[in-house]
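Accompanying notes for the structure given below.
In listed order, ligands and their atoms are each counted from 1.
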Amino acid sequence: MPEAYRRTLTRQISQHAHSEIVGMLPEGNWITRAPSLRRKAILLAKVQDEAGHGLYLYCAAETLGTSREEMIEALHSGKAKYSTIFNYPTLTWADIGAIGWLVDGAAIMNQVPLQRTSYGPYARAMVRVCKEESFHQRQGYEIMLALANGTAEQKRMAQDALNRWWWPSLMMFGPPDADSPNTAQSMRWRIKRETNDELRQKFVDITVPQADFLGLEVPDSDLKWNEEKGGYDFGEIDWEEFYAVVRGEGPVAKERMKARRDAWENGAWVREAAAAHEAKHRARKAA
Ligand code: BYC
C-alpha cells in the first residue's frame, strides 16, 4: 500500500472516529432533560449508536497500523482534528431536533458515497453507520416537526435552532474545493467519491424543501432556486469562522476537549481491570 494513501486514510478515518465520539457530547448533554420518556429512550439509543460508530471507525483505522492509543493521544493533545460542528453549544431542546435533522443529514450526505470508498474496512463500516444515521436524521426531523406544529414559542425555538445550526452544518463539508488541499488526491485514490462542494450543494437542495415543509425559514437571504443549474444558489459561508473553529477556537471547544480527557482519565481503572482480566485468562490457558 502506498505510504501516502495509508496516511491520508488514517487521517480521515481517525478524524471521523473522533467526530463520532466528541459528537456524543452535545446531545448527551440533553439526555437527562429530554421532554418525555420516549424522547429520552430515543436520544439514549442515538448517542449509543454514535459510540458504536466511533468504535467501528477506530477499528478500521487500526487496520492501517496506528494503534487506538496513538489516535486517542492525538485527539487529547489537540493534534488530531474532529468535525467543527461539535464545537457549538446545544442551548435548547430544539437543538437536538436541529442536530438530528441537519448535522446527521449532512453526515449521511457525506457518508453514503463513502460506502464505495476504495478502502474496504472503511467502506464496510460505512454501510451500518449510514443505516443508523438515517434513523437519526428522521428522529431529528420528527422533533422539528413536533415543535414547528406546536405552540408559537415552540415554533420560535425551532426557528432559532435552525438559525444557529444552518451555517455550521454547511461548514461540515469542509472548505471549498478550490481551497481544499486534500480533495483532488483523495478523489484520484477514490477515497472521496464526491467533492466538498458537490456534497454541500446536494445537502442544500435536499434540505431547503424540508425547511419549507416545516414552515421555517433558512437563514440565508441569498438563497434562491436556480432553474438553469437545477439547484439552489446560496450565500457565502463565513470561512473565517470555519478556520477559527478548526484551530480550536470554537465556542465550546475547550469544554469538549476537557470532557474527553476527563472521560479517558476516569475510565483508566476499567481499562486496567480489563487488561488484568485478559492477562489472567491468558496465563491460565498457558498453564
Ligand atoms: N471540521 O482538504 P480538506 C457525525 C479539515 S460525525 C474539522 O477538504 P478532506 C455525527 C481537514 O481535516 C461526521 N476539520 O480535507 C456524530 C483538513 O485538515 P488536515 C464526521 C475539517 O479530509 C455524532 C483541512 O480541513 N464525518 O456524523 O479531504 C452526532 C482541509 O480540508 C472539516 C466525517 O468525518 C470540518 N468540518 O475533507 C451526529 C466524514 N472540514 O486533516 C453526527 C469523513 C475539513 O489536512 N471525512 N477539515 O489537517 C471526510 O469526508 C473528509 O475528511 C472531509 C474533509 C470532507 C470532512
Quiz item: So, Arg39 and Glu142, do they make that salt bridge, N to O below 4.0 Å?
Solution: yes
Quiz item: Ion pair present between Arg282 and Glu278, side-chain N to carboxylate O less than 4.0 angstrom?
Solution: yes
Quiz item: Among protein heavy atoms, which lies nearest atom 7 (C) of ligand 1, and at what distance?
Solution: Tyr82 O, 3.3 Å
Exercise. Compute whether any side-chain donor of one residue and acceptor of the other, for Glu70 and Ser67, lie under 3.5 angstrom apart.
Key: yes
Quiz item: Hey, does Ser186 sit under 4.0 Å from ligand 1 if you only count heavy atoms?
Solution: no
Quiz item: When you measure from atom 3 (P) of ligand 1 to every protein heavy atom, which one gives the shortest distance, and what is it?
Solution: Ser180 OG, 3.3 Å
Self-check item: NZ/NE/NH1/NH2 to OD/OE distance under 4.0 Å, Lys46 and Asp49
Solution: no
Quiz item: Looking only at side chains, do Tyr88 and Arg164 share a donor and an acceptor under 3.5 Å apart?
Solution: no
Quiz item: Is ligand 1 less than 4.0 angstrom away from at least one heavy atom of Glu27?
Solution: yes
Self-check item: Region of His16 that comes within reach of ligand 1 [heavy atoms, distance under 4.0 Å]
Solution: both
Quiz item: Among all protein non-hydrogen atoms, which one is nearest to atom 30 (C) of ligand 1, and what is the separation to 0.1 Å?
Solution: Pro181 CD, 3.7 Å
Quiz prompt | Trp264 six-ring centre to Arg271 NZ/CZ under 6.0 Å and within 45° of normal | solution = yes
Quiz item: Where is the nearest protein heavy atom to atom 27 (O) of ligand 1: which residue, which atom, and how far?
Solution: Ala107 CB, 3.0 Å
Quiz item: Under a 4.0 Å heavy-atom limit, does Gln15 contact ligand 1 with its side chain, its backbone, both, or neither?
Solution: side chain
Exercise. Work out whether the distance between some heavy atom of Glu133 and some atom of ligand 1 is less than 4.0 Å.
Key: yes
Quiz item: Name the one of His18, Lys81, Arg261 that satisfies side chain to side chain contact (heavy atoms under 4.5 Å, CB included) with Leu75?
Solution: His18
Exercise. Assign the ring pair His53 / Tyr56 to parallel, tilted or perpendicular, where the plane angle (0 to 90°) is split at 30° and 60°.
Key: tilted
Quiz item: Is Met24 near ligand 1, meaning one of its heavy atoms is under 4.0 Å from it?
Solution: no
Quiz item: What is the nearest protein non-hydrogen atom to atom 56 (C) of ligand 1, stated with its residue, atom name and distance?
Solution: Met172 O, 4.1 Å
Exercise. Examine the side chains of Thr92 and Asp95 and answer whether a donor and an acceptor come within less than 3.5 Å of each other.
Key: yes
Exercise. Using heavy-atom distances, let me know which of Arg247, Met171, Arg11, Lys81 sits nearest atom 22 (O) of ligand 1.
Key: Arg11
Quiz item: What protein heavy atom sits nearest atom 9 (P) of ligand 1, and how far away is it?
Solution: Lys192 NZ, 3.4 Å
Self-check item: Nitrogen or oxygen of Ser19 less than 3.5 angstrom from that of ligand 1
Solution: no
Exercise. Starting from atom 49 (C) of ligand 1, find the nearest protein heavy-atom neighbour and note its residue, name and distance.
Key: Gln12 NE2, 3.5 Å
Exercise. Verify the neighbour count for atom NZ of Lys202: are there more than 12 heavy atoms of other residues, nucleotides or ligands below 6.0 Å?
Key: no
Exercise. Could you tell me whether the side chains of Lys192 and Gln12 share a donor-acceptor contact shorter than 3.5 Å?
Key: no
Quiz item: Evaluating non-hydrogen atoms only, which member of Asp49, Leu57, Thr84, Asn110 is closest to atom 50 (O) of ligand 1?
Solution: Asn110
Practice problem: Do me a favour and list the nearest non-hydrogen protein atom to atom 29 (C) of ligand 1 with residue, atom name and distance? | Solution: Glu50 OE2, 3.3 Å
Quiz item: Which class fits the ring pair Phe173 and Phe203: parallel under 30°, tilted 30 to 60°, perpendicular over 60°?
Solution: tilted
Exercise. Could you tell me whether Asp262 and Lys258 have a side-chain N and a carboxylate O separated by less than 4.0 Å?
Key: yes
Quiz item: Taking atom 25 (O) of ligand 1 as the point of reference, which of Gly174, Pro176, Pro175 owns the nearest heavy atom?
Solution: Pro175
Quiz item: Where the closest heavy atom to atom 42 (C) of ligand 1 is concerned, which of Val129, Val22, Leu199, Asp104 has it?
Solution: Asp104
Quiz item: Can an N or O of Asn182 be found at a distance shorter than 3.5 Å from an N or O of ligand 1?
Solution: yes
Exercise. Pick one of side chain, backbone, both or neither for how His136 approaches ligand 1, counting any non-hydrogen atom pair under 4.0 Å.
Key: neither
Quiz item: So which of Phe242, Tyr122, Tyr243, Phe173 gets nearest to atom 55 (C) of ligand 1, if we judge by its closest heavy atom?
Solution: Phe173
Quiz prompt | Residue portion contacting ligand 1 (non-hydrogen atoms closer than 4.0 Å) for Asn196 | solution = side chain
